[in-house]
Asker: 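I have a structure here, written as structure tokens, and I will follow up with some questions on it.
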Amino acid sequence: MIRSLLTVSTGTLASRLLGFARDAMMAALLGAGPVADAFLVAFQLVNVVRRLLTEGALNAALVPAWLRVRETEGALAAAAFAGRVLGTISAALVVATAVIGLLMPLVMTALAPGFIGQETLQLAVDDARLMLPYLAFAGPATVMMALLNAQGRFALTAFSPLLFNIALIAVMMVLFGWRGDAASAALVIAATVGIAGLAQLLMLVLRTGRVAGGSLAGGSIASPLRITFDPQMRGFLGQAIPGMVAGAGPQLLVVAGAVIASWSPSAVSWLYFANRLIELPLGIVGVAMGTVLVPELTRALRSDDPKSMAHAQSRGLELAVGLALPATLGLIALSEPVVRLLFEHGAFTAADTTATAHALMWLALGLPAQMLVKALSPAFFARGDTMTPLLATLKGFVVAIVLAVILGHVYGADGIAASIACGGWSSAVSLIRHGAVNFGFAIDAAARRRLPRIVLAALAMGAALWLAAPFALVPGTNPHGVVQALIVAALISGGMVIYGLFLVLLGVVRREQVVNAVRPTPGSGLRD
């Protein structure tokens with residue numbers, strides 16, 4: 001299971017790093033003014049849809065259903081079920097794309113009420129309409145990826161999202177040499193989003209035929225394709241839709257913050273770029289949790305194996321806490337140097353850096369909560385319970401909106417960022433309470449021993465970075481130059497080394513465990 005998590009996490013890490021390059025270029029092209037605010041509100045709409053579908057949410061609903069059909073009715077029935085899911089979801093998303101495109105002025109008004117009466121609203125509508133084709137392509141791509149995950153084939157699905165960022169980066173490299181205005185550049189980037197979605201779908205179609213041959217009925221991953229709303233499909237959608245919304249909880253919290261931030265100039269941009277840094281650790285573990293833990297927990301439940309259930313939940317919780325705490329402390333300690341290095345170029349000013357860094361510090365306080373939600377939700381999904389995570393997500397959304405109205409009025413973007421963090425903790429506490437009451441979270445003895453030691457190791461690393469942070473900006477050096485980049489990289493690497501050493505000294509991990517976790521074995525999840 002750890003090996004499969006590492007496979008998915010590596011693909012997600014590569015995608016996130018490319019995402020940083022994409023966003024750094026975006027900040028340089030668009031800055032943090034009205035054009036950027038309009039583009040980023042539209043881009044957040046597409047991002048939420050992308051996360052709803054691609055980053056573990058639909059996977060969490062489809063994998064248990066597909067495994068249940070295969071075990072009870074056989075491989076041919078499972079392939080037919082997959083064909084109905086693929087055909088129905090594809091058709092529904094094409095219709096949804098057309099309807100949303102027609103209603104886009106109303107959608108943008110709801111997402112950014114602060115844009116009403118400004119040219120920014122029309123810019124956001126134009127950008128969003130150009131991005132919308134991505135929605136139609138993302139659905140079938142996600143179904144194919146979920147079916148491969150159910151087969152234990154994680155590599156292809158982990159690395160296919162790279163195409164999205166590669167396409168946007170390539171277009172922005174061309175735009176840097178183009179002397180058009182920022183609004184025109186935003187339209188070109190928006191149009192590229194849909195093209196990137198098509199490229200990802202075509203790649204999956206071509207590769208899936210090669211990978212799935214012999215592993216699914218008749219060598220086909222989903223056959224025959226049908227559009228139907230029979231009782232089985234209605235039951236699946238009734239579970240899938242709540243699970244998809246619940247799986248996109250962190251992104252919905254950011255949308256809640258953006259709704260309130262739209263009243264403040266540049267606040268949408270500051271929150272967006274700060275949240276991009278939160279999504280690096282959240283994506284590495286969060287996506288892996290949704291992709292790998294759900295099949296593991298579902299199989300343990302089907303075989304009535306409490307030991308395997310406790311093992312999967314314990315390792316997932318250890319990974320979540322083990323990455324969330326050091327990431328939180330590191331982002332707080334090094335917020336300004338990291339933001340300056342990544343984004344302060346071109347139209348993105350020093351004032352934008354300061355505002356984004358402050359928002360990042362508050363958002364980071366909610367990262368452990370969002371990791372916990374990602375680690376705990378699979379225990380509900382594997383049991384076919386998608387409503388409890390949905391209700392927890394909606395509760396967090398309401399908490400974020402209410403607090404953002406209050407704190408945003410007083411403290412601006414910082415208050416909105418703090419509200420998003422509070423919304424995350426509200427969702428996490430709700431899941432912990434319901435899980436403890438309904439079925440109890442089984443944590444093995446090893447996890448009970450390791451978790452306090454992980455916390456101590458993270459605190460030691462955080463203290464070291466906090467003491468070293470004042471030396472991140474050397475007087476007389478270019479704050480965006482190679483020297484500064486090397487200093488920030490050295491601080492991050494040093495923090496990782498300190499954390500790793502304390503994990504070893506405290507007996508949390510041993511060298512042979514790490515080697516065994518990453519060494520490929522026949523039949524492992526590292527295969528395509």
Side-chain angles (χ1 to χ4, degrees), residues 20 23-24 26-28 30-45 47-48 108 110-116 118 120-121 123-124 250-280 282 328 331-367 369-370 396-426:
F20 279 138
D23 289 332
M26 199 178 292
L30 307 180
V35 172
D37 283 352
F39 178 86
L40 293 175
V41 165
F43 196 55
Q44 279 185 349
L45 174 63
N47 257 341
V48 168
M108 285 295 107
L111 290 176
F115 292 173
I116 296 174
Q118 303 178 36
T120 312
L121 179 61
L123 291 174
Q251 290 70 42
L252 293 176
L253 290 175
V254 175
V255 169
V259 169
I260 308 303
S262 65
W263 297 96
S264 303
S266 301
V268 171
S269 300
W270 298 333
L271 288 172
Y272 173 84
F273 290 117
N275 188 62
R276 290 300 299 159
L277 288 159
I278 298 295
E279 288 189 354
L280 177 61
L282 181 61
T328 296
L331 287 171
I332 291 174
L334 301 178
S335 58
E336 189 157 347
V338 170
V339 171
R340 180 185 298 113
L341 180 66
L342 289 174
F343 300 126
E344 193 180 307
H345 308 281
F348 200 89
T349 67
D352 295 326
T353 292
T354 301
T356 302
H358 289 169
L360 173 60
M361 294 176 70
W362 288 106
L363 287 176
L365 293 176
L367 179 58
Q370 295 184 9
F397 184 85
V398 172
V399 168
I401 284 282
V402 172
L403 289 179
V405 171
I406 299 170
L407 298 180
H409 179 70
V410 180
Y411 301 107
D414 291 354
I416 296 172
S419 302
I420 293 172
C422 290
W425 280 108
S426 174

Asker: side-chain contact (heavy atoms from CB on, under 4.5 Å), that's the test. Do V405 and I260 meet it? Break it down for me.
Answerer: CA-CA 7 Å; V405 171; I260 308 303; 3.7 Å; yes
Asker: Would you say OH of Y411 has more than 12 non-hydrogen atoms from neighbouring residues, nucleotides or ligands within 6.0 angstrom?
Answerer: no
Asker: For the atom pair CG (L342) and CG (D23), what is the distance rounded to the nearest 0.5 Å?
Answerer: 9.5 Å
Asker: Within the structure provided, determine whether V259 and P113 are in side-chain contact (heavy-atom separation under 4.5 Å).
Answerer: yes
Asker: For the atom pair OG1 (T353) and CD (E336), what is the distance rounded to the nearest 0.5 Å?
Answerer: 7.0 Å
Asker: Which atoms form the tightest heavy-atom contact between A350 and E344, and what is the distance?
Answerer: CA-OE1, 3.6 Å
Asker: Ignoring hydrogens and angles, tell me if any N or O in the side chain of S419 forms a donor-acceptor pair with the backbone of G415 under 3.5 Å.
Answerer: yes
Asker: Would you say L253 and Q370 make side-chain contact, with heavy atoms under 4.5 Å?
Answerer: yes
Asker: Identify the heavy atoms of A267 and D37 that sit nearest to each other, and give their distance.
Answerer: N-OD2, 4.4 Å
Asker: How close do A256 and A400 get, heavy atom to heavy atom, and via which atoms?
Answerer: CB-CB, 4.3 Å
Asker: Please verify the inter-ring angle class for F348 with F343; under 30° counts as parallel, over 60° as perpendicular, anything in between as tilted.
Answerer: tilted
Asker: Between atom CG of L40 and atom CG of L45, what is the distance when rounded to the nearest 0.5 Å?
Answerer: 12.5 Å
Asker: Nearest heavy-atom pair of H345 and R340: which atoms, and what distance?
Answerer: NE2-O, 4.4 Å
Asker: Mind checking the CZ-OG1 spacing from R276 to T356? Nearest 0.5 Å is all I need.
Answerer: 13.5 Å
Asker: Would you name the heavy atoms of A27 and F273 that are closest together and state the gap between them?
Answerer: CB-CZ, 3.7 Å
Asker: Restricting to non-hydrogen atoms, name the atom on N275 and the atom on L363 that form the minimum distance, rounded to 0.1 Å.
Answerer: N-CD1, 3.8 Å
Asker: Would you check if the side chain of W425 reaches a backbone N or O of L365 as a donor-acceptor pair within less than 3.5 Å?
Answerer: yes
Asker: Hey, are the side chains of V255 and L111 touching, using non-hydrogen atoms and a 4.5 Å cut-off?
Answerer: yes
Asker: Drop me the distance from L334's CG to L331's CG, to the nearest 0.5 angstrom.
Answerer: 8.0 Å
Asker: For a 4.5 angstrom cut-off between non-hydrogen side-chain atoms, does H358 reach T354?
Answerer: yes
Asker: Short question: side chain of D352, backbone of T349 - any donor-acceptor pair under 3.5 Å?
Answerer: yes
Asker: Give, for atom CG of L403 and atom CD1 of I416, the distance between the pair rounded to the nearest 0.5 Å.
Answerer: 11.5 Å
